[in-house]
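Just below is one structure, and these are the notes that go with it.
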Amino acid sequence: MLNFGSIIICPQNEGVFGRIFMRTLQWDHQKNELVMIDQRLLPGEFKLVNCKNHAEVASAISEMVVRGAPAIGVAAAFGIALAAINSKTGDLEALKNELRDASRTLQSSRPTAVNLAWALKRLMEKYDTFSGSADNLRGFLIAEACRMAEEDVEINRRMAEHGARLIDDGDTIIHHCNTGALAAVDWGTALGVIRMAHEQGKNVHVLVDETRPRLQGARLTAWELQQYGIPYEIITDNMAGYFLRSGQVKKVFFGADRITANGDVANKIGTYMLSLAAFDNQVPAYTTAPISTIDLSLASGEQIPIEERSPSEVLDISYQGQQVTPTGAHARNPAFDVTPHRLITGIITEKGVIYPPYIQNLASTLQK
Ligand code: MRU
C-alpha cells in the first residue's frame with residue numbers, strides 16, 4: 001500500500017484491499033522524483049509514472065499523463081525543481097539560465113491553461129532574485145514546489161467550502177470534463193465543490209458529461225464519484241440540452257483553464273454549448289477556479305490561445321468493437337472553447353463567489 005497523501009483512491013480492479021492513499025502528484029523525497037497517476041489509463045489501470053527530469057514532466061503534461069489546470073501548474077513547478085537538481089553546474093547564474101530554458105520547454109507543453117504560466121512565473125521571480133549558492137537554490141526550489149502543492153490543496157478546499165453553499169439538498173447537477181482531485185493536487189475545483197456538499201450530508205446527484213473526445217467525464221469524473229460514493233449517471237454531451245430543458249437539472253458546474261478580465265471563461269470543449277443551454281433554461285452555470293486561473297492581462301476570451309490537439313483523439317474511437325470513422329477520415333480537435341461572461345452565473349474562487357459585473361469584481365477581488 002502506498003501511503004502518500006490525503007485522498008483515497010481505490011483502483012476498480014484491486015478492490016478494497018487495493019486502497020491506495022495518494023495524491024495526483026507527489027514528490028518522492030528519497031529519489032528526488034515526481035510521481036504522478038497516469039490519467040491516460042484510468043479507470044482500467046492504476047499506474048504511477050515517475051518523472052526524473054523536466055523534459056519528462058513536459059512530455060507528461062503534453063501527453064496528458066497529468067492534466068487539469070491546477071495539476072499541470074504544480075507539475076511544471078516540480079519540473080523546474082527537477083531541472084535544478086539535474087543541473088551539474090555550481091555557478092548560480094549558469095543554473096538560472098538552465099532554469100529559464102527548462103521553463104520555456106515546460107511552457108510550450110500546453111498553451112491554454114494559464115496556471116502553467118502562472119506557476120513558472122512565480123518560480124522565475126524567486127530564482128531571478130535568488131542570491132545564495134547554486135545548491136541552496138536547488139533546495140529552495142524543491143521546497144517551493146512542495147509549498148505550491150500544499151497551497152493548491154488548501155485553496156481547493158476553500159473553494160469547495162464557498163461553492164458548497166450554492167448547492168441545495170436534492171440538487172441534480174450537470175458536470176463537464178474532470179475537475180476533481182485528479183485535475184489538481186487534491187480536491188479539485190468544480191468536483192471538489194460537489195464532493196464538499198456531499199460530505200456535508202447534502203443529497204446530490206451528478207449527470208456526468210462524458211466529454212468527448214478524450215472522455216475525461218466518463219473515465220475520470222465517474223471514477224472519482226465512485227470513490228466518493230456520490231450517485232451519478234453518465235450522459236453523452238449532446239444529452240445535456242434535453243435534461244436542462246425538461247427541468248431535471250438545478251445547476252451546472254464546470255472548471256476553467258483561463259478567465260479573462262471581463263469574465264470570459266476558457267474551459268474544456270463543449271462548455272460553451274452547455275452554458276448556452278443552461279442560460280436558455282434559466283439554470284445557473286457556475287465555474288470554479290483558483291485566483292491563479294484569472295488572467296487580467298487579457299481583456300476578453302478571444303485573446304486566449306486555444307490548443308488544437310491531434311485529430312487522432314477524435315478519430316480513434318470504436319463502437320461495439322468496430323472502428324467508427326472511415327480510414328483516411330479528417331477531423332478537427334480544438335481542446336477548449338470560450339464561454340462569454342454573460343452566460344456565467346458566478347465564479348467560485350478561494351476568496352469567495354464573484355458575481356457580475358466581472359470587469360469590476362474580478363479586479364477588486366484580485367486586489368484584496
Ligand atoms: O484537457 P484537460 O483535461 O487538461 O482539460 C481540463 C479542463 O478543461 C478542466 O475543466 C479545467 O482544467 C479546469 S478544472 C481543473
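Worth saying up front: this structure is predicted, and the values here are computed from it rather than measured. Counting starts at 1 for both ligands and their atoms, in listed order.
- Heavy-atom contacts of Ala69 reach the following atoms of ligand 1: 12 (O), 15 (C) (cutoff under 4.0 Å).
- A donor-acceptor distance shorter than 3.5 angstrom exists from the side chain of Thr287 to the backbone of Gly255, with no hydrogens or angles considered.
- Between the side chain of Thr24 and the backbone N or O of Ala184, at least one donor-acceptor pair lies under 3.5 Å.
- Counting atoms of ligand 1 from 1 in the listed order, those under 4.0 Å from a heavy atom of Gly68 are 4 (O), 12 (O).
- Looking at Gln39, Glu307, Arg110, Met64 and measuring to atom 4 (O) of ligand 1, the nearest heavy atom belongs to Arg110.
- Note on ligand 1: Ala256 sits in its first shell, one or more heavy atoms being nearer than 4.0 Å.
- Scanning the protein for heavy atoms near atom 7 (C) of ligand 1, the closest one is Asp257 OD1, 3.4 Å.
- Of all the atoms in ligand 1, the ones that sit under 4.0 Å from a non-hydrogen atom of Thr179 are 10 (O), 14 (S).
- Distance check, rounded to the nearest 0.5 Å: OG1 of Thr221 to CG of Leu191 gives 5.5 Å.
- Only one option out of Arg67, Gln39, Arg219, Gln216 pairs with Asn178 in a side-chain hydrogen bond (donor to acceptor under 3.5 Å, both in side chains); it is Arg67.
- No more than 12 heavy atoms of other residues, nucleotides or ligands shown are found within 6.0 angstrom of OH on Tyr272.
- At least one donor-acceptor pair closer than 3.5 Å links the side chain of Glu308 to the backbone N or O of Asn333.
- Judged by distance alone, the side chain of Thr172 and the main-chain N or O of Lys250 form no donor-acceptor pair under 3.5 Å.
- Contact annotation for Cys177 and ligand 1: only side-chain heavy atoms (C-beta onward) come within less than 4.0 Å of the ligand.
- Here the side chain of His205 pairs no donor or acceptor atom with the backbone of Gly170 at under 3.5 angstrom.
- Below 3.5 Å of separation, one finds an N or O of Arg67 facing an N or O of ligand 1.
- Those atoms of ligand 1 with a heavy atom of Pro70 less than 4.0 angstrom away are 15 (C).
- Residue contact check: Asn267 has heavy atoms under 4.0 Å from atoms 7 (C), 8 (O), 9 (C), 10 (O), 11 (C), 13 (C) of ligand 1.
- An N or O contact shorter than 3.5 Å links Gln216 to ligand 1 by distance.
- The ligand atoms of ligand 1 that sit less than 4.0 angstrom from a heavy atom of Phe336 are 1 (O), 5 (O), 8 (O).
- Assignment of Ala113 to the shell around ligand 1 is not supported, since no heavy atom sits closer than 4.0 Å.
- Checked for salt-bridge contact, Glu151 and Arg147 miss the test: no charged N lies under 4.0 Å from a carboxylate O.
- Using a 4.0 Å cut-off to heavy atoms of Lys268, the atoms of ligand 1 that qualify are 1 (O), 2 (P), 5 (O), 8 (O).
- Between Arg258 and the options Asp295, Asp264, Asp337, a salt bridge (Lys or Arg N to Asp or Glu O under 4.0 Å) holds for only Asp295.
- Taking every non-hydrogen atom of Thr189 and a distance limit under 4.0 Å, the qualifying atoms of ligand 1 come out as 14 (S), 15 (C).
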